[in-house]
Amino acid sequence: MSEEKVYAVPADIAAKTHVNAEQYAAMYQRSIDDPEGFWAEQAENFVTWSKPWDKVMDYSFDADNLYIKWFDGGKLNVAENCLDRHLETRGDQVAIIWEGDNPEEDRKITYRELHEEVSKLANVFKSRGVKKGDRVCIYLPMIPEAAVAMLACTRIGAVHSIVFGGFSPDSLRDRVLDSECKLVITSDESVRGGRHIPLKKNADTALTECPNVDTLVVVRRTGGNVEWTEGRDLWYDEAMAAASADCPAEPMDAEDPLFILYTSGSTGKPKGVLHTTGGYLVYAAMTHKYTFDYQDGEVYWCTADVGWVTGHTYIVYGPLANGATSVMFEGIPNYPDMSRFWEVVDKHNVSIFYTAPTAIRSLMRAGEEPVKKTSRKSLRVLGSVGEPINPEAWEWYHNVVGDGRCPIVDTWWQTETGGHLITPLPGATPLKPGSASRPFFGVLPALVDPAEGTPIEGQGEGALVLTRPWPAMMRTVYGDHQRFIDTYFKQYPGNYFTGDGARRDADGYYWITGRIDDVLNVSGHRLGTAEIESALVLHPHVAEAAVVGYPHDLKGQGIYAYVTPMAGVEANDALKKELVALVRGEIGPIATVDIIQWSPGLPKTRSGKIMRRILRKIAANEIDSLGDTSTLADPTVVNDLIDNRANR
Ligand code: PRX
């Protein structure tokens, strides 16, 4: 091992792991040499099929003839795999432990109860005319009904599109319209950190412009006041009380759509990433078991929101397919105080804990005491996801939270990939703080020189691509297949381009360096610079705007906006406040602009293209390495931008 700091696999983990180092090496080799044989075995192991597939994998990464199919011809139902098949052996085992925002509220739901609830809601959906292939939008907080709604869709073959509860009415409307949803499910309010957020009101606002939606199902979470649209709105509890608990699961083709999830790209509006049924479920279950070394009977907790892909794959589908006990947490890490995560770990005896670096960094600031006053003896494996974890935060997570006992799996993946692609395995991989380490089974990453497009062998740094498909990869952008091809398969022909840069060290470990396209990662949330710019220029006093990311201690990246006001407008702090509020209102509170710099001019090439490279350098205070500015139409604008850059 070439890097200085390496943590060996702990002996107690190695002693009872599903995959040790030798097994990883052999299984990985097999997965590359004989993918069809390897994946056929995994698909048999992890999923129950009602009809076997005709062909394990079939694909072409050629941009002119792009297609990806896994287990084609096979039939299965996801809800049946996550619920029905467990009833005989573990019907009375807890499937979901719900921990409310208020530490005094919690709920345990067994597989049998979940099965009943899902079947009833599936019947409610059917009674409102939802059929196989129809889209249903889920706009719910972190309450068990979110998982129930997901599984109810899959039971009848409807395609869910979850919109994170923190998104604004406009974002919700855009997503509902783009995927042509006919039913939306929400709650009266959501609760986070003791504050109530009016979800139903947001949904009402969004739906004024969504003529396709004929039903809004409303879960009573707080009992807060809501307005009511007769004929359209339906209380969840009332509808459920009248529904039958008998709903046969619809057999689905492996390649039938399972869900759509919107995510931000470099350009334009967020795109609807489409995942299909068979490959996704195989991969979700398999990665959940091996990446976390999940052992039967353990309590597993992923702190993500179901509005993000992490919540889809690693709160609901992976764990439930494996018959695990999955914790679902409504609250936030610092409410009622900074010990909350660890109190919950002790309360529910959590063995595996999976969170984001941004949470770790903010807890780290509060010192060790809030952690150390809890036991955390039940913890065995820790996980990280969403952004690069800086070695300092990694060490704190390892030493303070895990008392130096628990391996950290730093899982690199994306909404598009459906599941982990590069990650350590607890019983197999020596750890290097800050490295996502090695590829998962069947995954063939490669690095490409971004300028030349040539492959980089051995040690080096470049654009991260995948040279082969894996079962859970996205199949298309909903309603825009050309955008799928253009975004992922045009830059490096024959490869899927991730948008990330990475370095490979002498041991073959990958170190993700972050996005190399115009996508920001703010507190682990993905935002397109183009979306934020479009929101800013809605303001009548704004002529032009350019947004870049800059290094931020807590958020990983902060949002830095260069804004050119209209001629004659007084560019003052009041206008800055309006702009920050405007962007939050358009997208949601995750899009809070950190810094606005008034910029009379932006650095443009002679053809009018903004040179973001320069803006990124100025925002990062790296003015000594601006690079070549001679191709700018007016190089003097750069001096003004440097002189007036924000103090940090
Ligand atoms: O830049 C990478 C970063 O998050 C991006 C994907 O964001 P999203 O689709 O929202 O999915 C987040 C949850 C999977 C990636 O392109 N990213 C995610 N995990 C890591 C990471 N960067 C470094 N290390 C990670 N472990």
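Indexing begins at 1, ligand by ligand and atom by atom, following the structure's order. Each residue takes its place number in the sequence, starting with 1.
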Compile the donor-acceptor pairs under 3.5 Å between side chains in residues 446-458 and protein atoms, sequence neighbours left out, one pair per line.
unit_1	atom_1	unit_2	atom_2	d
D449	OD1	A451	N	2.8
D449	OD1	E452	N	3.0

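- The residue from Y280, Y478, W70, Y317 that alone fulfils the ring pair (Phe, Tyr, Trp, His ring centres under 6.0 Å) condition with H275 is Y280.
- By the salt bridge (Lys or Arg N to Asp or Glu O under 4.0 Å) test, R380 pairs with D293, E298, sequence neighbours left out.
- Of the residues listed (E387, H552, E392), the one engaging R361 in a side-chain hydrogen bond (donor to acceptor under 3.5 Å, both in side chains) is E387, and it is the only one.
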Is there a ring-ring contact (aromatic ring centres under 6.0 Å, His included) between Y262 and W308 once you walk through the steps?
CA-CA 9 Å; Y262 285 84; W308 311 115; over 10 Å; no
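- Not a single salt bridge (Lys or Arg N to Asp or Glu O under 4.0 Å) links R175 to another residue, sequence neighbours left out.
- For ligand 1, the protein residues within 4.0 angstrom (heavy atoms only) are T310, V385, G386, E387, P388, D410, T411, W412, W413, Q414, T415, D500, I512, R515, N521, R526.
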